[in-house]
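Below is one structure, written out as structure tokens, with a few remarks after it.
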Amino acid sequence: KAFDKLQEKRREQFEFSTKEDDYIIAIPESPSEIIVEGTSLHHCVGGYADSHSVGDTNIVFLRRKNIPFYTIEVGKHGGIRQIHGNNNCWLGLEPNAINFVAKWLKTKCISCAKNILLCTANLYWLTFYYC
């Protein structure tokens with residue numbers, strides 16, 4: 001029941017779509033969906049399933065036409081910690097998605113460091129050199 005309450009709160013806090021965009025922000029329906037997301041996008045978000053389940057962090061999905069696209073970690077206190085796509089690529093490689101995420105951030109009053117939103121490194125470890 002505690003997970004269900006968290007999910008209800010997360011839906012209100014994070015879910016987002018617009019009529020003019022092909023993107024949506026969705027929350028995972030279960031911890032196992034987070035594991036599937038990590039496998040699908042070849043990154044480590046599956047390791048966050050337990051932390052998400054107990055409310056220590058929030059995992060949300062950026063979908064393009066309902067297909068896994070990017071995974072977003074929103075910290076317990078509201079700020080974006082990371083945004084990663086396939087093989088840990090950064091959102092800065094997708095200008096249209098940046099605009100959508102910026103709308104989401106503004107609408108939902110979520111903070112995000114500019115370097116997280118705009119970084120163009122292809123691999124996670126490269127961000128220390130390029131961002």
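Side chains included, hydrogens not; waters and symmetry mates left out as well; all remaining heavy atoms used. Note that the coordinates shown come from a computational prediction; the quantities given were computed from them, not determined experimentally.
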- Query: Yes or no on side-chain contact (heavy atoms from CB on, under 4.5 Å) for Ile72 and Ile59, after CA distance, side-chain angles and deciding distance?
  - Reply: CA-CA 6 Å; Ile72 303 169; Ile59 302 299; over 6 Å; no
Does any non-hydrogen side-chain atom of [Y] lie less than 4.5 Å from one of [X]?
{"X": "Pro31", "Y": "His52", "answer": "no"}
{"X": "Phe14", "Y": "Lys108", "answer": "no"}
{"X": "Leu91", "Y": "Leu117", "answer": "yes"}
{"X": "Phe61", "Y": "Pro28", "answer": "yes"}
{"X": "Gln7", "Y": "Ile27", "answer": "yes"}

- Task: Could you note down all residue pairs passing ring pair (Phe, Tyr, Trp, His ring centres under 6.0 Å) where residues 19-44 supplies at least one of them, sequence neighbours left out?
- Result: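 As it turns out, the ring pair (Phe, Tyr, Trp, His ring centres under 6.0 Å) pairs with a partner in residues 19-44, which skip direct neighbours, are Tyr23-Phe69, Tyr23-Phe100.
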Taking a hydrophobic cluster as the set of Ile, Leu, Val, Met, Phe, Trp and Tyr residues connected by side-chain heavy atoms closer than 4.5 Å, whether directly or through intermediates, do [X] and [Y] fall within one such cluster?
{"X": "Val74", "Y": "Phe16", "answer": "yes"}
{"X": "Val45", "Y": "Val101", "answer": "no"}
{"X": "Tyr70", "Y": "Val36", "answer": "no"}
{"X": "Leu62", "Y": "Ile83", "answer": "yes"}

- Query: Is there a side-chain contact (heavy atoms from CB on, under 4.5 Å) between Glu37 and Thr71 once you walk through the steps?
  - Reply: CA-CA 8 Å; Glu37 176 90 351; Thr71 309; 2.7 Å; yes
Contact summary for [X] and [Y], nearest pair of heavy atoms:
{"X": "Ile110", "Y": "Gly78", "value": "CG2-O, 3.1 Å"}
{"X": "Lys76", "Y": "Asn58", "value": "CA-ND2, 4.2 Å"}
{"X": "Ser53", "Y": "Leu6", "value": "O-CD1, 3.4 Å"}

Calculate, to the nearest 0.5 Å, the distance between atoms [atom1] and [atom2] belonging to [X] and [Y] respectively.
{"X": "Leu93", "Y": "Cys119", "atom1": "CG", "atom2": "SG", "result": "8.0 Å"}
{"X": "Ile24", "Y": "Trp104", "atom1": "CD1", "atom2": "CH2", "result": "12.5 Å"}
{"X": "Cys44", "Y": "Asn88", "atom1": "SG", "atom2": "CG", "result": "6.0 Å"}
{"X": "Ile34", "Y": "Ser51", "atom1": "CD1", "atom2": "OG", "result": "9.5 Å"}
{"X": "Leu105", "Y": "Ile98", "atom1": "CG", "atom2": "CD1", "result": "11.0 Å"}
{"X": "Lys103", "Y": "Glu20", "atom1": "NZ", "atom2": "CD", "result": "4.0 Å"}

- Item | Worked check of side-chain contact (heavy atoms from CB on, under 4.5 Å) between Lys65 and Asp22 | CA-CA 5 Å; Lys65 299 182 181 181; Asp22 289 333; 3.3 Å; yes
- Item | Residues Arg10 and Gln13: side-chain donor-acceptor under 3.5 angstrom |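 No donor-acceptor contact under 3.5 Å links the two side chains.
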- Query: Does a donor on one side chain and an acceptor on the other come within less than 3.5 Å for Thr18 and Asp21?
  - Reply: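 Note: Thr18 and Asp21 side chains meet the donor-acceptor criterion.
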- Item | Non-neighbouring partners of Arg81 that pass side chain to side chain contact (heavy atoms under 4.5 Å, CB included), sequence neighbours left out |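 Side chain to side chain contact (heavy atoms under 4.5 Å, CB included) list for Arg81, sorted by chain: Thr57, Glu73.
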- Message: Strictly distance-based, threshold 3.5 Å: is any side-chain N or O of Glu33 a donor or acceptor partner for the main-chain N or O of Glu29?
- Response: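 Judged by distance alone, yes, a pair lies under 3.5 Å.
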